[in-house]
Amino acid sequence: MNKEQVDASSETVKTNFIHQEIDKDLAENKNGGAVLTRFPPEPNGYLHIGHAKSICLNFSLGQQFGGACNLRFDDTNPVKEDVEYVDSIKEDVQWLGFDWPGEAKFASDYFDQLYAWAVALIRNGKAYVDDQSAETIASQKGTPTTPGTESPFRNRSVEENIDLFERMKNGEFKAGEKVLRAKIDMTSPNMHMRDPLMYRIIHSDHHRTGDKWCVYPMYDFAHGQEDFIEGITHSICTLEFEVHRPLYDWFLTQIIEADASLKDRVRPRQIEFARLNLNYTVMSKRKLLELVEKNIVSGWDDPRMPTVSGLRRRGYTPESIRTFADKVGVARRDGVIDVALLESCIREDLNKKAARVNAVVDPIKLIITNYPEGQEEYVDIINNPEDESMGSRKLPFSREVYIERDDFMEDAPKKFFRLTVGKELRLKAAYAITCTGLKKDENGNIEELYATYDPETKSGATTVDRKIKGVIHWVSAAHAVDAEVRVYDRLYNHEAPAAQKDADHLDFINKDSLKTITAKVEPSLTEAKPLDQFQFQRVGYFCVDKDSTSDKLIFNRTVALKDGWAKKK
RNA sequence: UGUCCCAUGGUGUAAUUGGCAACACGUCUGUUUUUGGUACAGAAGAGUUUAGGUUCGAAACCUAAUGGGACAACCA
């Protein structure tokens, strides 16, 4: 199969530089042709759309190359981590449509091995216990432009180091009293090679290992070895870890050197890519947490949050997020993606799937004066013009209906296809009506509209065949059900809220990012279940909120429909 | 006064690895439409940051400049 055919048959097959690097490794028969990736979150927060990109990348790489992708929790810092996050992360990954081989893995599963390797490094004179304070160690580090200086404890004997490290493990010292450091090069131009910390003392219960450990490995001494233990071939991470790569490789080299039996094992390779940035939002855990803690949003799953749980509650589908991740691409240059792309992905998906319903979001009553009082009838209406198999339903029609306030205009320009006095238009799936007048209150606000209908124009009836340009949606007033509709907009009114020098991201909060209104919806919606998705005809895509009940319907607006008319205005 | 990474339409990614720049989103036009949606047809918009070099030929390779980014947590 050549590349053209692949592209034509499957939109998801798209090349990127990581793909190409793996191809090269395969061509060189590295690792015996194995490909195994991993998604390694720290269980200290909720996943967001940026993680989703990484998840899609790692898992689909695993799938495409006939391997798999491990889910591994990087739980090396008990003071920040919690099982609550483990559960939400698992749920989000599965919801996105991915699964990992066997049980989820944990860095804490490897603490014994990591400890043994640390001891091996000490034996080989590659690590030492430092008694200095964090401040002192930091000051000896130097700066990116000036070399560091060596610790006075750097040349302790192997025996002393081993004894000290063991006593650290046994809890004989207080937190901060001692650390284990790699002995590399305090003058290295790469700060991470200036005798980085391997272990620190933490007297705090770990969510999985309890109080077994008093020492915990740092990221750099853990991550590469975790990959190595699991047989990961390609360790894909974001750009900021690029400077860690020499250290990643150095630790692996030391470990293999210390134990010849490890020489033939799969050796992981770290590859970095640019993290996802989206405009009109923020992506850092810290800022997202701030939004939650300051009650700017209702929680991690607030539909305005870029979290996976927020997007889910907003009505985004896993498919739409996967196509988004695919379209965004993978590269080494950092950029900012337009949310419009995300929105187009969910529209594309929901256009095919969502049943159309009639819901009037900003209602105004229209009375059809020549329709008999007390009469009602049921008209047929198609559920989804994009999918005939979704069938049709009956919709009640009567003398008084609600229509959208902005579907009427008193002094309408000629290009206005909707309702205006004297003009005929169609109530979708029902009759053609002609507006005959209106009633205003003392402030000049329109209270009611009046119209006459033409019984000959009933939808489906072939008797009348005149061209009627305008078609609007409506709901029978007598049958309408009230529903709370939460109209969401972007959370920030600045496209780069986190990138301003003299302003905080909170300065750019969009005060109108949530408008709660009461809509009149068709009665069939009382059957809707949480997370069900609909297109409110001509308005947008909406999903039933998790707190919705048949007595109190709540809908979240996922995304508005494209509005060509709004642009013209 | 450092090391490393990056630079392609408005945005994001491509360019079969040296053969006169493509796709998606967005924008604009039209056609169809009982959704001003969808679908369809078409258009505008970059000559690839700059300057040198290598080459018959450079977005791609080399050098330098410029611009952007990363690195000095007992975080990951």
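Lettering of chains follows the sequences in order, A, B, ..., and the numbering in each one begins at 1.
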Exercise. Classify the nucleic acid contact of A:Val336 as base, sugar-phosphate or nothing, counting any heavy atom under 4.0 Å across all strands shown.
Key: sugar-phosphate
Quiz item: Is A:Arg200 near enough to B:C75 that one of its side-chain N or O atoms lies under 4.0 angstrom from OP1 or OP2?
Solution: yes
Practice problem: Would you indicate what A:Pro385 reaches in the nucleic acid, counting non-hydrogen atoms under 4.0 angstrom: base, sugar-phosphate, or nothing? | Solution: base
Quiz item: Across the strands shown, which category fits A:Glu272 at heavy-atom distances under 4.0 angstrom: base, sugar-phosphate, nothing?
Solution: nothing
Quiz item: In whole Å, what separates the P atom of B:A72 from that of B:A65?
Solution: 25 Å
Quiz item: Reckon A:Asn190 touches a base, only the sugar-phosphate, or nothing at all at heavy-atom distances under 4.0 Å?
Solution: nothing
Exercise. Give A:Gly176 one of three labels, base, sugar-phosphate or nothing, depending on what nucleic acid heavy atoms sit under 4.0 Å from its own.
Key: base
Quiz item: Distance check: side-chain N/O of A:Arg194 vs OP1/OP2 of B:A72, anything under 4.0 Å?
Solution: no
Quiz item: With a cut-off of under 6.0 Å to the ring centre and 45° to the axis, is A:Arg426 in cation-pi contact with A:Tyr431?
Solution: no
Quiz prompt | Separation of the P atoms in B:A64 and B:U11, to the nearest angstrom | solution = 28 Å
Exercise. Classify the nucleic acid contact of A:Lys567 as base, sugar-phosphate or nothing, counting any heavy atom under 4.0 Å across all strands shown.
Key: sugar-phosphate
Quiz item: Between B:G12 and B:U49, how far is it from one P atom to the other, in whole Å?
Solution: 14 Å
Self-check item: Short side-chain N/O contact from A:Gln20 to OP1 or OP2 of B:A15, under 4.0 Å
Solution: yes
Self-check item: Touch class at under 4.0 angstrom, heavy-atom based, for A:Glu343 against every strand present
Solution: nothing
Quiz item: Which way is the base of B:U17 turned, syn or anti, if we draw the line at 90° from 0?
Solution: syn
Quiz item: Is B:G47 syn or is it anti, if syn means the base angle is within 90 degrees of 0?
Solution: syn
Quiz prompt | Pairwise C1' distance for B:A24 and B:G57, with rounding to whole Å | solution = 31 Å
Exercise. Measure from the side chain of A:Val471, starting at C-beta and using heavy atoms only, and say which of B:G26, B:U34, B:A76 lies closest.
Key: B:U34
Quiz item: Any side-chain donor paired with an acceptor under 3.5 Å for A:Tyr128 and A:Asp195?
Solution: yes
Quiz item: Roughly how far apart, to the nearest Å, are B:U50 and B:G9 at atom P?
Solution: 10 Å
Quiz item: Mind checking whether A:Phe536 and A:Phe542 have parallel, tilted or perpendicular rings, split at 30° and 60°?
Solution: parallel
Quiz item: Under 4.0 Å between a side-chain N or O of A:Lys562 and OP1 or OP2 of B:G36?
Solution: no
Quiz prompt | Residue mapping more 5' on RNA chain B - nearest nucleotide basis, A:Asp338 or A:Leu427 | solution = A:Asp338
Quiz item: Contact class for A:Leu341 (heavy atom, under 4.0 Å): base, sugar-phosphate, or nothing?
Solution: sugar-phosphate
Quiz item: Looking for any heavy atom pair under 4.0 Å, which part of the strands does A:Glu242 touch: base, sugar-phosphate only, or nothing?
Solution: sugar-phosphate
Quiz item: What integer number of Å spans the C1' atoms of B:C56 and B:A44?
Solution: 35 Å
Quiz item: Touch check for A:Leu239, heavy atoms < 4.0 angstrom, all strands: base, sugar-phosphate only, or nothing?
Solution: nothing
Quiz item: Would a line drawn from the ring center of A:Phe324 to the ring center of A:Tyr316 be shorter than 6.0 Å?
Solution: no
Exercise. Validate the cation-pi geometry between A:Lys169 and A:Tyr115: distance from NZ or CZ to the six-membered ring centre under 6.0 Å, angle to the ring axis within 45°.
Key: yes
Practice problem: Could you check whether A:Ser344 gets within reach of a base, just the sugar-phosphate, or nothing at all, counting any heavy atom under 4.0 Å? | Solution: sugar-phosphate
Quiz item: Just checking A:Val79: base, sugar-phosphate only, or nothing, at a heavy-atom cut-off of under 4.0 Å?
Solution: nothing
Quiz item: Side-chain N or O of A:Thr76 less than 4.0 angstrom from OP1 or OP2 on B:A76?
Solution: yes
Quiz item: Roughly, in whole Å, what's the span from CD1 in A:Ile337 to C1' in B:G10?
Solution: 13 Å
Quiz prompt | C1' atoms of B:C28 and B:C4, separation to the nearest Å | solution = 43 Å
Exercise. Give one of base, sugar-phosphate or nothing for A:His223, where a contact means two heavy atoms less than 4.0 Å apart.
Key: nothing
Quiz item: B:G67 and B:C74: how far apart are their P atoms, nearest whole angstrom?
Solution: 32 Å
Quiz prompt | For A:Asp25 against A:Arg269, the heavy-atom pair lying closest together | solution = OD2-NH1, 2.9 Å
Quiz item: Can you tell me how far C1' of B:U3 sits from CZ of A:Arg245, to the nearest Å?
Solution: 13 Å
Self-check item: Cation-pi geometry met for A:Arg490 and A:Tyr280 (6.0 Å, 45°)
Solution: yes
Quiz item: What do you reckon, do A:Trp565 and the base of B:G36 stack, with centroid distance below 5.5 Å and planes below 30°?
Solution: yes
Self-check item: Sugar-phosphate only, base, or nothing, as touched by A:Phe221 at under 4.0 Å among non-hydrogen atoms
Solution: nothing
